[in-house]
There are 4 protein chains.
Amino acid sequence: MNNLSNAKSEDTRNRIFQAAAELFANYGFERVSIRQICEAVGVQKPTLYYYFKDKETLILEMIRFTQQIVQTVRKDYVDCKTDFLEKIRGLLYGRKYFVETYPHFFRFYAMLHLFSTTEKVRAEMITLMLPLLDEFGAILVQGQEQGYIAPDEDLEMLMQTILGTLNGLSMRKFVFQEEAAFSDENLQRVFDFWQKHLFLNPKKRG
Amino acid sequence: MNNLSNAKSEDTRNRIFQAAAELFANYGFERVSIRQICEAVGVQKPTLYYYFKDKETLILEMIRFTQQIVQTVRKDYVDCKTDFLEKIRGLLYGRKYFVETYPHFFRFYAMLHLFSTTEKVRAEMITLMLPLLDEFGAILVQGQEQGYIAPDEDLEMLMQTILGTLNGLSMRKFVFQEEAAFSDENLQRVFDFWQKHLFLNPKKRG
Amino acid sequence: MNNLSNAKSEDTRNRIFQAAAELFANYGFERVSIRQICEAVGVQKPTLYYYFKDKETLILEMIRFTQQIVQTVRKDYVDCKTDFLEKIRGLLYGRKYFVETYPHFFRFYAMLHLFSTTEKVRAEMITLMLPLLDEFGAILVQGQEQGYIAPDEDLEMLMQTILGTLNGLSMRKFVFQEEAAFSDENLQRVFDFWQKHLFLNPKKRG
Amino acid sequence: MNNLSNAKSEDTRNRIFQAAAELFANYGFERVSIRQICEAVGVQKPTLYYYFKDKETLILEMIRFTQQIVQTVRKDYVDCKTDFLEKIRGLLYGRKYFVETYPHFFRFYAMLHLFSTTEKVRAEMITLMLPLLDEFGAILVQGQEQGYIAPDEDLEMLMQTILGTLNGLSMRKFVFQEEAAFSDENLQRVFDFWQKHLFLNPKKRG
DNA sequence: AATGAATGAGCATTCATTCAT
DNA sequence: GATGAATGAATGCTCATTCAT
C-alpha cells in the first residue's frame, strides 16, 4: 500500500512535471498558467501546489532536472572518451541525444531562456552553466595536450566557436523547425568542418 | 502649430516606444504590463492605446523598427565595403554599434526572443531574418570570388560558425553581463581567429 | 457662406443623429459606443460632442424627434379623419408608415426601451407617452358618441386590447423579423377582427 | 461533509444568481458590472467566475431558469384545467403568479429584452418562445372544440389579442409601476372583457 | 466647425495562491 | 493524496468625456 501509494504519488508528480515542461517549452514560462498545466494533467490546482511550492519552484526543479540530463549526457558521450576528437564528436552526438530525447527540457538548458525570466531563475541557470564552461575549457586543454590544438591557440575563441555552432544547430531545429539540423549527415559535416578548420592532425607529430 | 503638435505627439509616441522597448528587453514581453509602461512614461493607459492598437502591435512595431536599424547598420558597415575581409570586420563592428547604440532593440533582433512569444511575432521575425541569411550567403560567395574562401568550402558551415560566434558575443554581453564582450580588443581577437582559421590569404593570386 | 456653412453643419449633425439612431436601434444604447458612432459617420469624437452635450442627450433628442414623428403621423393618419373607424384604421396605417419609414426611431418609441435605460430617459419617455394615451382615450369616447362603442363599454380594456395588438405587430416585425407583419392584408385582417369583436355597427341607429 | 459543502456551494451560487437577476432586471444587462453583482452578494469576482463561465453565461442560465418557471406555471395554471375558459383564466393568474413571485426573472421572459442584447441571447429566447406560441395555438383549438370559439374564427388574431393584453398588463406593472395591474379586480375585468368580446357561450352544454 | 491628444474611471476576465476538509 | 471554494491583485483594454487649438 505504501509502495502503491508512493508510486501513484510519484506518478502524479511526474505527470505534472512533464506537462509543465512541455507547455513551458511551447509557450514560455509566463504564458502558461497553473490552470493550463492542471487541465493538461487532469488534476486540480491544489494538487499541483501539493507537489510544488509555487510556479517558480516548478521551473527551478526543471532546470535542475535538466542539469542532471546534461551531466549524464556529458558522462556518457564525452567524459568516457579519452581521445579529444572523440570527446568533440561526443559533444555533437550528446547534444543530438539531449535535443531529441528531452526536447522540452532542452529549451531550459539552452541559454535562450536566460532572457525574460525572474532574476532567481536567471541566477540559477548561470550558476549551473559556468562550471560546464569550465569543464569544456579543460577538455580543450586536453586537446592541446593530445596535439589536436596548437599550444598558442586562443582557446577562448575556440570554445566560443564550437559552442556558437552547437547553439546554432539547436536554433535551426527549434526556431526554424529544420528537422535535419541534427541528422547524422549534418553532424558529420559539422565535425568535418571543425576538424579541417579548428583542429590539427596530431599524427604528423609522430 | 501643426509642427508643434506633431512634435509633441511624436515625442509622446516615441517615449512610449522607448520605454516599452527597455522594459521588454529587461523583463520580457509577458512580464511587462501596459500599466508599467505607462507609469514609466508618465501617461495614462488610453494614451498608449491612442498610439498603439494593442500590446502585440507594440512589439511588432518594435521588430520592424529594429529591422530598420539592422538594415542601416548593414548598409553602413558591410555593404559599403568592397573587400570581403572588410565586410567581415564590418559585421563585427556593425554588431557592436547596434548592441551599444540600441541595446534594448538588439534583443528583439537577437534570435533569443523567437522562443516564447506569440506565433504572429515569431512569424514576423522569421520573415525578417531569412533574407538576412541569404544576403550573408551572398557575401560569402563574394569572399570566394575574392579568393578569401576556398572554392570547395562548406559555405553553410562557415556561415553558421560566424553567426554562432556573433551570437555568442551578444550572449556574453547580455546574459553574462560581460562588458568587454564587444571591446575593440575582443573584436580584433575574434577577427584574428577567423582570419587564421576560416579564411585564406588571397595575396597568392597576385 | 453662412448658408453653406449652416447647411454643412446641419448635415454633419444629422448624419451623427441618423447613425446613432441606427446603431442604438440595432444594438441598444449601452452597447453602442461614441467611438462606434463617430466611425460610422466619419468624424472625430469631439465633433460629436460639439453637437450633442453627451451620450444621454443624444438619446433624449432622439426621443423628442421620435415624438414629433408620432405627432405628425397622428395628425396625418388619425386626427384628420372624422369617422371613428377611419381613425382606428389610421392608427394601423400610421403605425405601418412609422415603422417602415423610420424603423430605427420606432424602437425608441416602442415601450420596449423603457427597460434598461437611465431613469432620466425613462421619465422622459413616460412623460411623452401619457398624453398619447389620453388622446387615444378621447378617440374612444368619440367612438362611443358615434355609436361604434357601447356606452357601458370598458374603455380602458378596449384601449389596452388595441394597443396590445399594435405592439404585438411591431414585435412580430422587429423581434421575429416577420416582414409581413405590416402588410396590407395583415392590417386588414386586424381591422376586420377589431370591427367584428370590438366595435358596433352604428348604422342600426339611423 | 459533502452535504454541507454542497449546500454552502449551492448557496453561494444561488445568491450570485439571485443578485444578478435583480440587478439585471433593474438596470439591464449592460449597465450591471460583475463587480456590482459581487458587491451585492459579498464575494470576490473570481468566486463568481468559479460558478459562471462569463457574464453571458449568467444571462443564458437565467433565461433557462425562467423558462422552467414558465413551464411550471403553465402546468399548474393552464394544462391541469380542462375547460377552455379555465385555461384562459389560468393564463391570467399564472402570469400574475409569475410576475409577483419572480419579478426579476419575469423581465427576461418578457419579450422586452429581446431588443438590445447579444445575438446569442436573442436566439436563445426566440428558441424558447416559439414552442410556447404553438402550445397556445393548441389551446385555442381546444376552445374551438369546446364551442367557445367560432369555427371560422381568426385564431392568429385571437392569440395576438390575448397575448398583447397580457403583455400590456405586464408593462403597466413594470414600466408604469402600476401596482394594481395584476390585482384580482383587474384580472377579472380583463377576463370579463375577453369573455364578452372574444369568446362564445357554448350553449350546447347546458 | 472640427480635431489631435489626453485622461480618470471602469470594464470583463485571469492570475497564482491558500485553506478547510 | 487530493479537492472544492475562495481570494487579492493584476491583466489588457475601452468607456465617455475634455481641452487647447
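Remember, it's a predicted structure, so these values are computed and weren't measured experimentally. To find a chain, count down the sequence lines: A is the first, B the second, and so on, and within it residues start at 1.
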For the backbone of C:Asp11 and the side chain of C:Arg15, can you confirm whether one donor and one acceptor N or O come within less than 3.5 Å of each other?
no

Who are the side chain to side chain contact (heavy atoms under 4.5 Å, CB included) partners of A:Ser33, not counting sequence neighbours?
A:Arg35, A:Gln36

Tell me, please, which residues at least two apart from C:Arg13 pass side chain to side chain contact (heavy atoms under 4.5 Å, CB included).
C:Glu10, C:Tyr51, C:Phe52, C:Glu61

What's the [atom1]-[atom2] distance between [X] and [N], to the nearest Å?
X: A:Phe29; N: E:dC15; atom1: CZ; atom2: C1'; answer: 12 Å
X: A:Arg31; N: E:dA16; atom1: CZ; atom2: C1'; answer: 18 Å
X: B:Ile34; N: E:dT13; atom1: CD1; atom2: P; answer: 19 Å
X: B:Arg15; N: E:dA5; atom1: CZ; atom2: P; answer: 14 Å
X: A:Tyr49; N: F:dT7; atom1: OH; atom2: P; answer: 17 Å
X: A:Lys55; N: F:dA9; atom1: NZ; atom2: P; answer: 19 Å
X: B:Phe52; N: E:dG4; atom1: CZ; atom2: P; answer: 17 Å
X: D:Tyr50; N: F:dG8; atom1: OH; atom2: P; answer: 17 Å

Of the listed E:dA2, E:dA12, F:dT11, the closest approach to the C:Thr12 side chain comes from E:dA2

Answer yes or no: does a side-chain N or O of B:Ser33 lie under 4.0 Å from OP1 or OP2 of F:dA10?
no

D:Arg13 or B:Gln36: which one's nearest nucleotide on DNA chain F is closer to the 5' end?
D:Arg13

Can you give me the dot-bracket string for DNA chain E, 5' to 3', counting Watson-Crick and G-U wobble pairs with both distances under 3.5 Å, using [ ] for crossing pairs and | for partners on another strand?
.||||||||||||||||||||

Quick one: which residue pairs count as a salt bridge (charged side-chain N to carboxylate O under 4.0 Å, His left out) with a foot in residues 49-60 of chain B, not counting sequence neighbours?
B:Glu56-B:Lys120

Compare all side-chain heavy atoms of [X] with those of [Y] and state whether any distance is below 4.5 angstrom.
X: A:Phe17; Y: A:Phe105; value: yes
X: D:His104; Y: D:Met62; value: no
X: A:Leu58; Y: A:Phe29; value: no

May I ask you to decide if the ring planes of A:Phe106 and A:Phe174 are parallel, tilted or perpendicular, using 30° and 60° as cut-offs?
parallel

Hey, does D:Arg35 reach any base, or is it just sugar-phosphate, or nothing, if we go heavy atoms under 4.0 Å?
sugar-phosphate

Heavy atoms within less than 4.0 Å of DNA chain E: which residues of residues 37-48 of chain B have one? Give them sorted by number.
B:Val43, B:Gln44, B:Lys45, B:Pro46, B:Thr47

Acceptor/donor pairs from residues 38-49 of chain A side chains to any protein atom, 3.5 angstrom cut, sequence neighbours excluded:
from: A:Thr47; atom 1: OG1; to: A:Gln44; atom 2: O; distance (Å): 3.4

